Amino acid sequence: MDDIDLAWAKAQAGKEGVSVSRWIAGRVARERQRPSDFHAQMLAVMETPLAPMSDGGRTFNREEIYDRRFMKRFR
């Protein structure tokens with residue numbers, strides 16, 4: 001660890017009244033409990049409502065997919 005980083009870690013640990021090793025252990029524990037950005041983004045994608053890709057067996061063409069008024073009827 002660089003001297004500058006160590007000095008910063010000592011200052012942060014001192015503010016919380018714990019040793020540097022205990023402060024680092026707390027940071028690691030909090031980081032492990034926090035869901036990763038990837039995990040949070042995947043959950044957001046999975047919760048997005050699905051858009052239909054066909055209507056009665058006929059698949060939409062490109063113009064229909066990008067036509068907002070056409071796709072609004074499926075909301």
Side-chain angles (χ1 to χ4, degrees):
M1 184 181 302
D2 294 337
D3 290 338
I4 294 171
D5 294 336
L6 181 58
W8 181 80
K10 284 181 179 179
Q12 297 302 314
K15 287 178 186 176
E16 295 182 22
V18 296
S19 67
V20 173
S21 60
R22 194 166 295 235
W23 182 79
I24 290 173
R27 291 286 298 248
V28 169
R30 284 193 300 272
E31 191 66 28
R32 279 192 15 215
Q33 292 172 355
R34 191 180 78 180
S36 68
D37 290 339
F38 175 78
H39 182 69
Q41 291 170 358
M42 281 302 296
L43 286 176
V45 168
M46 298 294 246
E47 292 171 354
T48 303
L50 299 176
M53 296 307 292
S54 67
D55 185 22
R58 182 186 70 79
T59 57
F60 302 132
N61 61 32
R62 181 185 169 116
E63 288 77 23
E64 290 172 333
I65 291 172
Y66 288 100
D67 183 8
R68 290 180 189 254
R69 288 178 296 183
F70 175 80
M71 294 303 282
K72 224 180 232 188
R73 69 182 177 151
F74 295 105
R75 287 188 187 168

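Since we're looking at a predicted model, the values are computed, not measured. Atoms considered below: every heavy atom in the structure, side chains included; atoms not considered: hydrogens, waters and symmetry mates.
Grouping the Ile, Leu, Val, Met, Phe, Trp and Tyr side chains by contacts below 4.5 angstrom, directly or via other members, places L43 apart from F38. A continuous path of Ile, Leu, Val, Met, Phe, Trp and Tyr side chains, each step under 4.5 Å between heavy atoms, connects V18 with V28, placing both in one hydrophobic cluster.
In the displayed structure, R30 atom CZ is contacted under 6.0 Å by more than 12 heavy atoms of other residues, nucleotides or ligands. Taking a 6.0 Å sphere around CG of D5, one finds it holds more than 12 heavy atoms contributed by other residues, nucleotides or ligands. Dense packing is recorded around CZ of R58, with more than 12 heavy atoms of other residues, nucleotides or ligands lying under 6.0 Å away. Around CD1 of I4, the count of heavy atoms belonging to other residues, nucleotides or ligands within 6.0 Å does not exceed 12.
Two residues are said to be in side-chain contact when any heavy atoms from C-beta on lie closer than 4.5 Å; L6 and K10 meet this criterion. Using a 4.5 Å heavy-atom cutoff, the side chains of I24 and M1 are in contact.
Counting only distance, with no hydrogens or angles, the side chain of E64 and the backbone of N61 share a donor-acceptor pair below 3.5 Å.
With salt bridges taken as basic N to acidic carboxylate O contacts below 4.0 Å, none links E16 and R27.
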